[in-house]
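Heads up, the thing below is written out as structure tokens.
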Amino acid sequence: AAGQVVPREATIIVIVSLGPEPVNVPDLVGKSAAQAESELNALGLLLVVSSETVEVPIDSGLINNIASQDPSSGTEVEVGSEVVVRLGVPLQVTVPNLVGLTTQQAQDQATADGLNVDINDTTITNDLNNDGRVAAQDPAAGTVVDEGSFIQLTVFVYQPDVPDFVGQTVAEAQALADSLLLGEVIEDGTIETTDAALVGTIASQDIDPGTSVPTGTDIRVIVYVLQP
């Protein structure tokens with residue numbers, strides 16, 4: 001032992017320590033940085049959280065948790081060694097162009113790209129072909145967002161413009177109204193005329209031409225009859 005007096009020619013055996021036994025790096029993937037740090041400290045290892053991140057799917061369970069490590073789990077290292085980890089962040093995806101699609105088509109496209117849609121507004125259109133189609137979107141197409149983000153949609157709702165029925169017969173007016181998804185053209189009275197060419201045609205209507213109305217709206221008209 002140190003300080004012990006021994007004979008001049010005594011043999012002294014010196015044992016040199018090789019230091020602490022190496023340890024195996026644990027599997028840290030999926031754990032929080034705090035959990036990893038606690039586990040590493042117990043083994044005499046040091047945690048280093050890299051500024052670099054790893055893009056991972058939103059359903060991976062790795063977002064804000066450890067997604068990769070170096071050295072990998074099972075590697076034998078010396079006590080005091082550093083283990084560098086990178087945290088997971090959501091995958092980045094590009095917003096598709098949904099304008100002009102039906103709401104179902106927009107939903108299907110967004111789902112295929114790992115995104116969601118939400119209809120948060122509507123706008124009136126007098127074009128029946130646009131009814132139920134996407135008029136606008138936010139974010140715009142081409143924007144890069146986190147996987148799972150919502151695209152806010154504005155959708156067209158069809159409302160016909162009332163046509164000018166004056167000069168048409170009630171039957172002609174009804175056929176036109178049907179094509180526009182209006183309601184009934186109702187004869188609501190008559191007015192006399194001496195012009196035989198006008199008899200049976202519409203003289204006036206209760207809703208002005210060009211007025212935007214909900215589908216199914218009835219139009220009341222006054223029809224010419226021959227003055228006795």
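- Looking only at side-chain heavy atoms (C-beta outward), V145 and P139 come within less than 4.5 Å of each other.
- Comment: D206 does not engage R220 in a salt bridge, judged by the lack of any side-chain N to carboxylate O separation of less than 4.0 angstrom.
- Using modelled atom types, one side-chain atom of N116 and one backbone atom of G148 make a donor-acceptor pair closer than 3.5 Å.
- A 4.5 Å side-chain heavy-atom check between V223 and V221 finds at least one atom pair inside the cut-off.
- Taking all atoms of both residues into account, the shortest heavy-atom contact from L198 to Y224 is O-CB, 3.2 Å.
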- [ ] Go through the steps for Y158 and D127 under the test side chain to side chain contact (heavy atoms under 4.5 Å, CB included), then give the verdict.
- [x] CA-CA 7 Å; Y158 173 67; D127 185 346; 5.9 Å; no
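- Proximity of D161 to T211: side-chain heavy atoms (C-beta onward) are nowhere separated by under 4.5 Å.
- Contact check for T215 versus L182: no side-chain heavy atoms found under the 4.5 Å cut-off.
- Of all heavy-atom pairs spanning P57 and E147, the tightest one is CA-OE1, 3.3 Å.
- With hydrogens and angles left out, the side-chain atoms of T194 and Q227 include no donor and acceptor closer than 3.5 Å.
- Separation of atoms CD (Q35) and CG (L47) is listed at 11.5 Å; rounding is to 0.5 Å.
- Applying the 6.0 Å contact sphere to CG of D164 captures more than 12 heavy atoms from other residues, nucleotides or ligands.
- Inter-residue side-chain proximity for Q69 and R86 is flagged as unmet; no heavy-atom pair is nearer than 4.5 Å.
- With Q174 contributing its side chain and A171 its backbone, the two residues share no donor-acceptor pair below 3.5 Å.
- Residues T125 and V157 form no side-chain contact, since every pair of their non-hydrogen atoms from C-beta on lies 4.5 Å or further apart.
- Note: the hydrophobic cluster containing V48 does not contain V23 (ILVMFWY, side chain heavy atoms under 4.5 Å, direct or indirect links).
- Remark: the N126 side chain and the Q159 side chain contain no N/O donor-acceptor pair separated by less than 3.5 Å.
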Task: I58 vs L91, side chain to side chain contact (heavy atoms under 4.5 Å, CB included): CA-CA, chis, key distance, verdict - done: CA-CA 7 Å; I58 57 174; L91 282 170; over 6 Å; no
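- No side-chain N or O of E37 forms a donor-acceptor pair with one of N41 less than 3.5 Å apart.
- In this structure, T122 and F156 have side chains that are not in contact, with every pair of non-hydrogen atoms separated by 4.5 Å or more.
- The two residues L28 and A36 come nearest to each other via the heavy atoms CD2-CB, 4.0 Å.
- Side-chain contact between V155 and T103: present, with at least one pair of heavy atoms (C-beta onward) separated by less than 4.5 Å.
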